[in-house]
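The basis for the numbers below is simple: all heavy atoms, side chains too, and nothing from hydrogens, waters or symmetry mates. Atoms within a ligand are numbered from 1 in the order they appear, just like the ligands themselves.
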Amino acid sequence: MTKSRLEPQTGTAFELKAGQHLRVIDLQGEQVADLTAFAEADPTEWLSSGRSIDYANTIYLTEPHVLYSNRSRPMLTITEDEVGRHDFLLTPCSRETFQIIYGNHEPHPSCFENLWRNLEQFGIPPDAISTTFNIFMNVEVGSDGTLKILPPRSKAGDSITLRAEMDLIVGLTACSAELSNNGRFKPIGYEIHS
Ligand SMILES: [Zn+2]
């Protein structure tokens, strides 16, 4: 088992082989981790929020839901979930997110940049990064369709575990967006179990 830690507002990318489990831990509570995945054999196959939501028939994916690729093949299965609320609607925060939503034109760390900078070494370009599975992100949908971003429900030590269903390249961040993390940036822990 390998045990790692993402410092606040950072990201990483790594291989996750079929059958291995990835456990993502909110070490201090109320911290989002964005996850994306690509088929190692052909990175033009990627984790699809649309396919996953279609087949689970819910926007709130949890155990035992399967996360599918754009080619409708299982990529990851959620095998354990201590929180039960994650988002699969919103894209990873980016420089433009902070300009458009926050009116902040200063340089700002972002999940999008933290993903593409780490995925680059695997030959995955920025434009390949789609909607991320936003672990611990708490998005409520109003009856009129309005989205509300609320503090994550996760407490210190809470985790979710996903099993790889094919060999994957995974990107993972400790999210950089103020709104998603109740205004405070914290680290994220992750473990890879064979
Ligand atoms: Zn983010």
Neighbouring protein N, O or S atoms of the Zn ion (ligand 1), below 2.8 Å:
3
Linked hydrophobic residues, Ile124 as query - side chain contacts closer than 4.5 Å:
Phe38, Trp46, Phe112, Leu115, Trp116, Leu119, Phe122, Ile129, Ile169
Shortest non-hydrogen contact from Ser154 to Asp26?
OG-OD2, 2.7 Å
Side-chain ion pair, Lys17 and Glu40, N-O less than 4.0 Å:
yes
Taking the ring centre of each residue, are His86 and Tyr60 less than 6.0 Å apart?
no
Residues forming a salt bridge (charged side-chain N to carboxylate O under 4.0 Å, His left out) with Glu113, sequence neighbours excluded:
Arg117
Checking Arg5 now: which residues fulfil salt bridge (charged side-chain N to carboxylate O under 4.0 Å, His left out) with it, not counting sequence neighbours?
Glu7
